[in-house]
K.L.:
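One structure coming up, written as structure tokens, with questions to follow.
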Amino acid sequence: LSNFKAFGFSIFRKNDGEYRFRAKLKSQISKPQNALVMLHVNKIKKLHIREDDRFQMGFDRTFYFMIADDKRKDLSEEDEGLQCTGKVVDISTGGLKFEVEELPETVAVGANVMFRLEEAKIARDIQAEIVKITTEENDQSNVHIQFLNLSELNRLYLQKFIASENPNKI
């Protein structure tokens, strides 16, 4: 192994994420155990991944955003400025990603989102938090959300819905 000048590492920590980095080889020790001595690394890249498998979707949904003091009891108290219709791109039991043409100006990472998933037989509004927003070249925004306080029963309904939409992938 001492013929190599550097090594690439990929480390996964449960409930945290995956990290990747390259480290240069300083030396190799053969006694009392074989070991590699690596130089210190500062450039560590954290990959943002979901803990649960994602499954492709393609249906439209209306999303309602709750900003700061916006404490609506349910989706019937609509505010046109704090909602938009987007296309659900993928979904997992932990969250989903949707794309929209235009997000309301006040929507940012950390904002809460409410929406319904009647297809999954979930009777109540689902609440989620925006964890990432990316903008594509065509000015569409991809919004990544993580479900909040999803009951075990609703998680099972969601799992069943995902399985019914993706029977060959599960």
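All values below were derived from every heavy atom in this structure, side-chain atoms included, with hydrogens, water molecules and symmetry-related copies excluded. Numbers for residues simply follow the sequence, beginning at 1.
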K.L.:
Tell me whether Phe4 shares a hydrophobic cluster with Leu36, the cluster being built from Ile, Leu, Val, Met, Phe, Trp, Tyr side chains joined at under 4.5 Å.
P.N.:
yes

K.L.:
What do the steps show when you test His144 against Thr134 for side-chain contact (heavy atoms from CB on, under 4.5 Å), and what is the final call?
P.N.:
CA-CA 8 Å; His144 303 254; Thr134 57; 4.2 Å; yes

K.L.:
If Ile, Leu, Val, Met, Phe, Trp and Tyr residues are connected whenever their side-chain heavy atoms lie under 4.5 Å apart, and connections chain through other members, are Phe63 and Phe59 in the same group?
P.N.:
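Yes; tracing contacts between hydrophobic side chains, which count when under 4.5 Å, links both residues.
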
K.L.:
Nearest 0.5 Å, what's the CZ-CG distance between Arg124 and Leu117?
P.N.:
15.0 Å

K.L.:
Counting C-beta onward and ignoring hydrogens, is there a side-chain heavy-atom pair between Gln127 and Met66 closer than 4.5 Å?
P.N.:
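They are in contact (side-chain heavy atoms under 4.5 Å apart), so the answer is yes.
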
K.L.:
Do the side chains of Val107 and Val143 get nearer than 4.5 Å, heavy atoms only?
P.N.:
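No, every pair of side-chain atoms sits at 4.5 Å or beyond.
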
K.L.:
Would a hydrophobic clustering, with Ile, Leu, Val, Met, Phe, Trp and Tyr connected at side-chain separations under 4.5 Å, put Leu153 with Ile126?
P.N.:
yes

K.L.:
With a 4.5 Å heavy-atom cut-off, do Met38 and Leu25 have their side chains touching?
P.N.:
yes

K.L.:
Among Val88, Leu96, Thr62, which one satisfies side chain to side chain contact (heavy atoms under 4.5 Å, CB included) with Phe115?
P.N.:
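For Phe115, the side chain to side chain contact (heavy atoms under 4.5 Å, CB included) check succeeds only for Leu96.
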
K.L.:
Tell me, with the steps shown, if Lys24 and Lys5 meet side-chain contact (heavy atoms from CB on, under 4.5 Å).
P.N.:
CA-CA 6 Å; Lys24 291 183 179 180; Lys5 295 182 180 184; over 6 Å; no

K.L.:
What closest approach, in Å, do Ala120 and Phe161 show between heavy atoms, and which atom pair accounts for it?
P.N.:
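Taking every non-hydrogen atom into account, CB-CB, 3.6 Å.
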
K.L.:
Using every non-hydrogen atom in the two residues, find where Cys84 and Val100 come nearest and quote the distance to one decimal.
P.N.:
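Looking at all heavy atoms of both residues, the shortest contact is SG-CG1, 3.7 Å.
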
K.L.:
Any link between Val89 and Met57 through a network of hydrophobic side chains (Ile, Leu, Val, Met, Phe, Trp, Tyr) touching at under 4.5 Å?
P.N.:
no

K.L.:
In terms of side-chain geometry, is the basic nitrogen of Arg116 or Asp125 positioned less than 4.0 Å from the acidic oxygen of its partner?
P.N.:
yes

K.L.:
Val131 versus Val109: any side-chain heavy-atom pair under 4.5 Å?
P.N.:
no

K.L.:
Between Arg61 and Glu119 (salt bridge meaning N to carboxylate O under 4.0 Å), is one present in this structure?
P.N.:
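The answer is yes: the pair qualifies as a salt bridge.
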
K.L.:
Between Ile11 and Ile44, is there shared hydrophobic-cluster membership here, with clusters defined by ILVMFWY side-chain heavy atoms closer than 4.5 Å?
P.N.:
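Yes, one cluster joins them.
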
K.L.:
For residues Ser92 and Phe147, report the shortest heavy-atom separation together with the two atoms involved.
P.N.:
O-CE1, 3.4 Å

K.L.:
Indicate yes or no: at least one non-hydrogen side-chain atom of Ile162 is less than 4.5 angstrom from one of Ile91.
P.N.:
yes

K.L.:
Taking the side chain as every heavy atom from C-beta outward, state whether Phe21 and Ser10 have any pair of such atoms under 4.5 Å apart.
P.N.:
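Sidechains of Ser10 and Phe21: no contact.
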
K.L.:
For the residue pair Thr93 and Arg155, what are the closest heavy atoms and their distance?
P.N.:
O-NH1, 2.5 Å

K.L.:
Is any side-chain heavy atom of Ile145 closer than 4.5 Å to one of Phe98?
P.N.:
yes

K.L.:
Check whether any side-chain heavy atom of Leu82 sits under 4.5 Å from a side-chain heavy atom of Tyr64, and report yes or no.
P.N.:
no

K.L.:
If you round to the nearest 0.5 Å, how far is CG of Leu150 from CD1 of Ile122?
P.N.:
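Between Ile122 CD1 and Leu150 CG, I get 5.5 Å after rounding to 0.5 Å.
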
K.L.:
Would you name the heavy atoms of Ser141 and Leu103 that are closest together and state the gap between them?
P.N.:
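Scanning both residues completely, I find the closest heavy atoms to be CB-CD1, 4.0 Å.
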
K.L.:
Return the CG to CG distance between Asn149 and Asn154, rounded to the nearest 0.5 Å.
P.N.:
11.5 Å

K.L.:
Quick one: pull up NZ in Lys45 and CZ in Arg20 and give me the separation to the nearest 0.5 Å.
P.N.:
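CZ of Arg20 is found 8.0 Å from NZ of Lys45.
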
K.L.:
Please step through side-chain contact (heavy atoms from CB on, under 4.5 Å) for the pair Ile29 and Lys31, ending with a clear verdict.
P.N.:
CA-CA 6 Å; Ile29 300 171; Lys31 292 184 183 179; 5.5 Å; no

K.L.:
Are side-chain N/O atoms of Asn142 and Glu136 paired as donor and acceptor at under 3.5 Å?
P.N.:
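On atom types as modelled, these side chains qualify, holding a pair under 3.5 Å.
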
K.L.:
What distance separates Lys87 NZ from Glu101 CD, expressed to the nearest 0.5 Å?
P.N.:
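One finds 11.0 Å between NZ of Lys87 and CD of Glu101.
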
K.L.:
For the residue pair Phe9 and Ala23, what are the closest heavy atoms and their distance?
P.N.:
CE1-CB, 3.9 Å

